[in-house]
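Please read all numbers here as calculations on a predicted model, not as lab measurements. Counting starts at 1 for both ligands and their atoms, in listed order.
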Amino acid sequence: MTAPIVRSLSELRGMTQDWVRAGERIGVVPTMGALHDGHLSLVAAAEKICTRVIVTIFVNPRQFNNSEDLANYPRTEHEDARKLERFAVDAIYVPDGDQMYPGGFATTVSVSGLTEVMDGVYRPGHFEGVATVVAKLFAQSSASDAFFGEKDYQQLQVVRRMARDLDIPITVHGCPTIREIDGLAMSSRNLLLSDRARVNAPLLFEQMEEIAEGVVAGGDFAALRTAAVKRLEAANFTKIDYLEMRAADDLALLNASMRPTRLFAAAWLAGVRLIDNIAVGG
Ligand code: AMP
């Protein structure tokens with residue numbers, strides 16, 4: 001099924017009004033395009049429980065803290081639409097910058113606490129950009145359900161908090177990270193890796209698994225972390241922004257796994273910043 005590409009909010013509202021009136025369950029899958037199987041797993045999850053599915057594609061300038069990253073971000077709208085053909089998608093919403101941020105736009109949604117660690121520190125303004133655009137997409141789509149990947153776990157928790165705090169009547173579903181066969185978490189940014197860097201990239205997940213298994217077996221997190229960092233540096237990872245163990249709910253820093261715990265990492269490989277996270281135990 002070829003879903004219509006909708007570029008204006010009035011056109012989108014024209015569609016959703018009827019769906020809302022008919023009591024349909026509307027799912028929204030926000031993306032920045034360059035779709036891969038990770039994104040498509042969210043669409044599949046939406047299709048399963050919703051009667052209408054809207055996929056949004058918007059490379060949101062407000063969540064980029066680096067203009068080069070924004071300029072280099074892959075844009076593949078035609079292929080994206082083609083990849084969605086095998087799903088029951090009712091609309092692909094592709095607003096342009098003016099549609100989302102018309103002249104005079106003056107509002108920022110800011111979530112405190114959860115955004116003061118990890119990517120909140122290394123990407124100033126990033127989560128304000130995310131929370132603002134996602135709040136808009138929730139309002140624009142009239143969705144009852146939204147689908148986000150655990151790949152961006154901190155983002156998932158920020159979006160959940162934002163929807164709860166602003167009383168937005170939407171259920172936020174977190175979906176598992178989809179990986180390449182060698183373990184590398186799928187990401188649109190993987191397209192930017194050179195062939196050589198792509199060979200080393202799965203080491204990040206490998207080392208994270210080693211730490212997680214070590215912690216579960218009673219090992220010392222700090223020692224396991226030091227060994228992993230050494231191996232990553234030996235494989236040309238130039239900078240590790242963070243490699244931390246945190247509580248799965250409020251992202252509090254932990255040095256032992258006492259409650260549902262995740263391991264989070266962000267690391268640079270040949271000019272590309274990779275992020276990943278996994279559960280520690282259970
Ligand atoms: P992005 O286009 O990178 O902003 O991602 C759009 C949505 O897809 C977000 O909810 C991401 O967490 C999710 N996503 C990205 N990569 C993956 C993946 N490998 N597995 C599952 N979900 C993903």
Open item on the list: Run Val272 and Leu269 through side-chain contact (heavy atoms from CB on, under 4.5 Å) and show every step you take.
Closed with: CA-CA 5 Å; Val272 180; Leu269 178 64; 5.6 Å; no
Open item on the list: What does the 4.0 Å heavy-atom contact list look like for ligand 1?
Closed with: Pro30, Thr31, Met32, His36, Gly38, His39, Leu42, Tyr73, Phe148, Gly149, Lys151, Asp152, Gln155, Pro176, Thr177, Ile178, Met186
Open item on the list: Between Asp119 and Tyr153, does the side chain to side chain donor-acceptor pair (under 3.5 Å) criterion hold? Intermediate values first, please.
Closed with: CA-CA 11 Å; Asp119 271 9; Tyr153 193 90; over 6 Å; no
Open item on the list: Please list all pairs meeting ring pair (Phe, Tyr, Trp, His ring centres under 6.0 Å) that have one or both residues in residues 24-50, counting only residues at least two apart or in different chains.
Closed with: His36-His39
TODO: Might you work through the salt bridge (charged side-chain N to carboxylate O under 4.0 Å, His left out) test for Asp18 and Arg52, ending with a clear yes or no?
DONE: CA-CA 11 Å; Asp18 291 341; Arg52 300 286 177 178; over 6 Å; no
Task: Salt-bridge contact Asp195-Arg198 (side-chain N to carboxylate O under 4.0 Å) - done: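 A salt bridge is absent here (no side-chain N lies under 4.0 Å from a carboxylate O).
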Task: Hphob cluster co-occupancy, Val28 + Val43, side-chain heavy atoms under 4.5 angstrom - done: no
